[in-house]
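Order of listing sets the numbers, starting from 1, for every ligand and every atom in it.
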Amino acid sequence: MSTHSRTGKIQWTRKHLIGINDLSREEIEFILDTAQGFEEFSTRSIKKAPPLRGKVVVNMFFEDSTRTRNSFTLAASRLSADVIEFTEKSSSVSKGETLIDTARNLEAMGVDIVVIRHSAGGAPKLLTRCIHACVVNAGDGYHEHPTQALLDVYTIRQVRGPLDGLRIGIVGDIAHSRVARSDIYAMTKLGAEVTLVGPPTLMPARVQELPVKVSHRLDDVIEKLDVINMLRIQFERLGGNPFPSVREYSRFFGLTVDRMKRAKPNMLVMHPGPMNRGVEIESEVADGPNSVILRQVSNGLAVRMAVLFLVNQAATQETKEK
Ligand code: ASP
Ligand code: CP
């Protein structure tokens, strides 16, 4: 837990970012404010700053990624770090090397920050016990995807102001979505009212323990929403068939031009990506005037710069105090 200084400002002391569930509202807001400071970087002609000069960041991705991996790479290089790109497919994991041995070997090369995406929930947390480097979770199983949630709330705050009292719908495959879990924590901690929408078969176990409302009909809630976050069905994680057909799923839960007519005119349309156009969202909506989907991606860069900057600062402080 980060502490408050005498001026009331947060003293960031976390050298790992594993999940939003661990963070207080103040800590989330502190990351967002730090990200805001980095946002202007993208508009500069020379897009480099020195805070991570001499540091090494490894992107350890055991699952595919377009947005998260590339924006961590860009964020680290804008902060002047050296970046190692590790991919499971071309690594010695195929020869039987474990996750922990892989991480320890990379650390032996002088790695300071490990950014990890893994299909096993808990893998980033495990690494924090086995290596000294900072660990940043880039998505673990169905558990959490903290930087996605941070960029989501950053985007909402940027467009609509504070989240307090906003009604946000998260629609689709909640059960298998780490984005949904992190979003629920981030959005509710910032004061939004979250409704999960989807078929009962795609709701997580013990959903009643989460600080959310639940609906099984998008048509019942769409008119009330200020923000809608459409999720991809995580087909790669589904064991069986959670609904009769994709066409039927789209009919009940897809964000179509027709449904948009019943939404508030300024409802924000979000999606973490990758999208399955024509399944959870129609192309005209994804590319339409309410969509902030590409803005989310742009904001991911500033948010990830902030996260790398803060965990490195905490690690540097820890070393000084030893
Ligand atoms: N890209 C996000 C994730 O890795 C969402 C998705 O894949 O649907 O969790
Ligand atoms: N939103 C997201 O995490 O996208 P990638 O899987 O492409 O990183």
Among the heavy atoms of H145, does any lie under 4.0 Å from an atom of ligand 2? yes
Which residue, E85, R78, R304, forms the side chain to side chain donor-acceptor pair (under 3.5 Å) with T73? E85
Electrostatic pair R262-E223, nearest N-O below 4.0 angstrom: yes
Heavy atom to atom 8 (O) of ligand 2, shortest distance: which of G300, G139, S65 holds it? S65
Atom 9 (O) of ligand 1: which protein heavy atom is closest, and how many Å away? R178 NE, 2.9 Å
Residue P274 vicinity, atoms of ligand 1 by number, heavy atom under 4.0 Å: 1 (N), 6 (C), 7 (O)
With heavy-atom distances below 4.5 Å as the criterion, would you say the side chains of F252 and D219 are in contact? no
Ligand 1-proximal atoms of Q148, by part, heavy-atom distance under 4.0 Å: neither
For Q148, take its heavy atoms, then give the atoms of ligand 2 lying under 4.0 Å from any of them. 1 (N), 2 (C), 3 (O)
SB check D226 K264 (cutoff 4.0 Å): yes
Nearest-neighbour protein heavy atom for atom 7 (O) of ligand 2, which is reported as residue plus atom name and distance: T66 N, 2.7 Å
Electrostatic pair E321:K15 at N-O distance under 4.0 angstrom: no
min-distance protein heavy atom vs atom 1 (N) of ligand 2 -> P272 O, 2.7 Å
Identity and distance of the protein heavy atom lying nearest atom 4 (O) of ligand 2: R67 NE, 2.9 Å
Charged N-O contact under 4.0 Å between R25 and D164: yes
Among all protein heavy atoms, pick the one closest to atom 2 (C) of ligand 2 and tell me residue, atom and distance. T68 OG1, 3.5 Å
Is the shortest side-chain N to carboxylate O distance from R237 to E63 below 4.0 Å? yes
Given G141, G273, A138, S177, which one has a non-hydrogen atom that is nearest to atom 2 (C) of ligand 1? G273
Would you mind listing which atoms of ligand 1 come within a distance below 4.0 Å of any non-hydrogen atom of R232? 6 (C), 7 (O), 8 (O)
Counting from 1, what ligand 1 atoms have a heavy atom of R117 closer than 4.0 Å? 4 (O)
Within the distance-only criterion (no hydrogens, no angle test), does the side chain of H216 pair as donor or acceptor with the backbone N or O of P199 below 3.5 angstrom? no
Using non-hydrogen atoms of the residue, decide whether G273 is closer than 4.0 angstrom to ligand 2. yes
Does ligand 1 come near enough to Q234 that some N or O of the ligand is less than 3.5 Å from an N or O of the residue? yes
Would you say Q296's side chain and H271's backbone share a donor-acceptor pair under 3.5 angstrom? yes
Please state which protein non-hydrogen atom is closest to atom 6 (O) of ligand 2 and give its distance, to 0.1 Å? R117 NH1, 2.9 Å
Backbone N or O of S91 within a donor-acceptor pair of the S94 side chain at under 3.5 Å? yes
Within ligand 1, which atoms have a heavy atom of H145 less than 4.0 Å away? 3 (C), 9 (O)
Closer than 4.0 Å to some heavy atom of V179 - which atoms of ligand 1 meet that? 2 (C), 5 (C), 9 (O)
Which of these, N137, T68, D183, sits in a side-chain contact (heavy atoms from CB on, under 4.5 Å) with H145? T68
